[in-house]
**Student:** 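Structure provided below as C-alpha cells; questions to follow.
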Amino acid sequence: MKVEILYFADFKDITGKDREFLELKENTVEGLTSKIFSKYNPLKNLIWDEKIKNLKGNISIVINDKLITDKNKGDVGLTDGDKVAFLLPFAGG
Amino acid sequence: MKVEILYFADFKDITGKDREFLELKENTVEGLTSKIFSKYNPLKNLIWDEKIKNLKGNISIVINDKLITDKNKGDVGLTDGDKVAFLLPFAGG
Amino acid sequence: MNNNNFTPVKSGIYKKDEINLSNIIFSLKNHPKIKDAGSILTFTGIVRNTSKEGKLIRSLEIDAYEELANNSINKICKEIKEIPGIVDVIIIHFKGVFDIKDELVHVIVTSSHREEGFKALRLAVEKYKKEIAVWKKEVFIDGSSDWVH
Amino acid sequence: MNNNNFTPVKSGIYKKDEINLSNIIFSLKNHPKIKDAGSILTFTGIVRNTSKEGKLIRSLEIDAYEELANNSINKICKEIKEIPGIVDVIIIHFKGVFDIKDELVHVIVTSSHREEGFKALRLAVEKYKKEIAVWKKEVFIDGSSDWVH
C-alpha cells in the first residue's frame with residue numbers, strides 16, 4: 001500500500017522534502033509513523049510522546065485535506081493513495 | 001475698530017462668504033454678535049439662546065486661532081485686527 | 001541604513017484626493033523606526049449612501065478651520081505616539097465635496113504589536129471625530145441638505 | 001450601475017508580493033455593496049526585527065498547507081461576513097521568505113459603521129493567527145532559527 005505524505009515547516013527542514021510517496025506494510029497511522037521514524041529519526045522527538053506511546057497531544061493529522069478528530073490517532077486507518085500530513089500547531093504571520 | 005470674522009459650515013452657507021472684515025463700535029464679542037445678527041438675521045437662530053440672553057452653550061469662540069474658554073462669552077474683549085470665529089459642534093468625516 | 005531620504009507624510013487637513021493610503025504606507029516603510037513595527041492598522045472613512053437617520057445621500061461636503069484642525073490633529077497624534085509600543089500615528093482628513101464611496105479620512109497606526117495598535121487606532125478615530133474643527137454637510141437625493149452637529 | 005466588471009480579490013494564501021493593499025482596496029471600490037459602507041479597516045502584519053522573546057531577527061519564512069489554509073480562511077471570512085453591518089472581509093496571507101518590514105498578511109474589513117468593523121477586524125485577526133495552517137520560522141542574526149509553535 002502506498003500513501004503520499006506532505007511535509008511542512010519543521011518536517012520539511014528535517015526531511016529536506018515537500019512530500020514523498022511511502023510504501024506501507026501496516027494500513028494505519030501508526031504504521032506510517034513507524035516508517036517515517038525509521039527513515040527520519042529526528043521526527044520522532046518532534047511528534048511522538050514516549051510516555052503515552054502515542055502522538056503528542058498538539059499534533060494534528062490531516063488525511064486528504066480533512067482534519068482527523070479521532071481520539072486514538074495511531075489507530076486511524078489509511079487507504080492506498082491517501083495523502084497524509086502531520087501538523088504542528090499553527091502560527092500565522 | 002476692525003475685526004476679521006471667519007465663517008465655516010452653516011455660517012458660510014448663510015453669509016455666502018468664507019470671511020470678512022467688520023467695523024465694530026463695541027469691543028466685545030457681544031458687540032460683534034449684534035453686528036452680525038443685524039447683517040445676517042438667520043445667524044441669530046443658529047447661535048443665540050434668547051432665554052439666557054447669551055450664545056448657546058455648544059457654540060465655541062475662537063480668537064486668533066485660540067479657543068476661548070471664558071464662561072461669559074459675550075463679555076470677552078476684542079482688539080483691533082483680531083480674527084474671530086464662532087464654531088458649531090464638530091463632526092469628522 | 002540611510003534614513004536621510006525619509007520624508008514623512010504630515011498629518012492634517014488635505015484637499016480631496018491630494019494623497020492616498022498607498023502614498024502614506026510607502027512613506028511609512030522608510031520611517032526610521034519601522035523595524036520595530038509588526039503591525040500597521042488603518043481606518044478609512046468613506047461616504048456611505050445613507051445618513052445616520054437613514055436618509056439617502058447624494059453627496060457630502062467637508063468644511064474645515066484648517067489652522068485649528070491641524071493643531072488638534074497634531075495634538076492627538078502626539079498624545080497617542082506616547083503610548084508604549086506605538087511607532088507612528090498619521091491622521092489625514094480631507095475637505096471638499098465628495099461622492100458616495102469617496103475617501104474622507106485616513107488614520108494609520110504603526111505599532112510593535114497589534115494589541116496596542118488596535119487600542120490606539122480606535123482612540124485616534126474617536127478623538128478626530130469629536131475634537132477636530134471640521135464639519136460635514138449631507139446633501140440628500142431629495143435636494144435638501146444638513147450640516148451635522 | 002454596472003457591476004459586471006467586479007473581479008473580487010479572493011482571500012487565501014498568496015506568494016510574497018503577489019498582491020498589495022492598493023490592489024485590494026481598488027477592487028473593493030467596485031464591490032456591489034460598497035455604497036452601504038462607511039468604514040474600511042485594514043490590518044497588515046509586517047516582519048518586526050525582534051522575536052517575542054526579544055531575539056534579533058534577520059528574516060522570516062512562512063510555510064503553508066495551502067488547501068487546508070484556504071479552507072480555513074474562507075470559513076473565517078464567511079462567518080464574519082454574517083455579522084450585521086459587515087459588507088466584506090478579505091484575508092490575504094503570504095508565503096515565502098521575508099525580510100524585516102516585508103508584508104506577511106493583510107486583513108481588510110469593510111462595514112457600514114466603524115463599530116462593527118473594529119470588532120470584526122480584531123476577530124478576523126485573532127482567528128487567522130490560530131486557525132489557518134501556516135507556520136513561521138524565525139531566522140535570527142546569530143544564524144540560528146526556530147519554527148514558532
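When reading the values below, keep in mind they use all heavy atoms of this one structure, side chains included, and skip hydrogens, waters and symmetry mates.
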**Student:** Measure distances from Leu88(B) to the heavy atoms of chain C and classify the residue's part below 4.5 Å as side chain, backbone, both or neither.
**Tutor:** both
**Student:** Is it the case that more than 12 heavy atoms not belonging to Lys75(C) sit under 6.0 Å from its NZ atom?
**Tutor:** no
**Student:** Should the heavy atoms of other residues, nucleotides or ligands under 6.0 Å from NZ of Lys16(C) be counted, would the total exceed 12?
**Tutor:** yes
**Student:** Report which part of Lys137(C) has an atom under 4.5 Å of a heavy atom belonging to chain B: side chain, backbone, both, or neither.
**Tutor:** side chain
**Student:** Verify the neighbour count for atom NZ of Lys56(B): are there more than 12 heavy atoms of other residues, nucleotides or ligands below 6.0 Å?
**Tutor:** yes
**Student:** For Ala69(C), is it the side chain, the backbone, both or neither that has a heavy atom under 4.5 Å from a heavy atom of chain B?
**Tutor:** neither
**Student:** Kindly compute the distance separating CG (Asp63(C)) from CG (Asp18(B)), expressed to the nearest 0.5 Å.
**Tutor:** 7.5 Å
**Student:** A quick test of your reading: do over 12 heavy atoms of other residues, nucleotides or ligands sit less than 6.0 Å from NZ of Lys39(B)?
**Tutor:** yes
**Student:** Where is the tightest heavy-atom contact between Phe90(B) and Lys130(C), given as atom of each residue plus distance?
**Tutor:** CD1-O, 3.3 Å
**Student:** Where does Val148(C) contact chain B at under 4.5 Å (heavy atoms): side chain, backbone, both or neither?
**Tutor:** both
**Student:** Heavy-atom cut-off 4.5 Å, strictly under: side chain, backbone, both or neither for Glu61(C) against chain B?
**Tutor:** neither
**Student:** Can you tell which part of Asp13(B) gets under 4.5 Å to a heavy atom of chain C, answering side chain, backbone, both or neither?
**Tutor:** side chain
**Student:** Return yes if some donor-acceptor pair links the side-chain N/O of His93(C) with the main-chain N/O of Gly92(B) below 3.5 Å, else return no.
**Tutor:** no
**Student:** With only heavy atoms counted, which part of Ile62(C) is less than 4.5 Å from chain B, the side chain, the backbone, both or neither?
**Tutor:** side chain
**Student:** Can you classify the ring geometry of Phe8(B) versus Trp135(C) as parallel (below 30°), tilted (30 to 60°) or perpendicular (above 60°)?
**Tutor:** parallel
**Student:** Can you confirm whether His149(C) sits close enough to Asn58(B) that some side-chain heavy atom of one is under 4.5 Å from a side-chain heavy atom of the other?
**Tutor:** no
**Student:** For chain C, find which of Leu67(B), Asp65(B), Leu6(B) contributes the most heavy-atom pairs closer than 4.5 angstrom.
**Tutor:** Asp65(B)
**Student:** Based on non-hydrogen pairs under 4.5 Å, which of Phe98(C), Phe94(C), Tyr65(C) is most in contact with chain B?
**Tutor:** Tyr65(C)
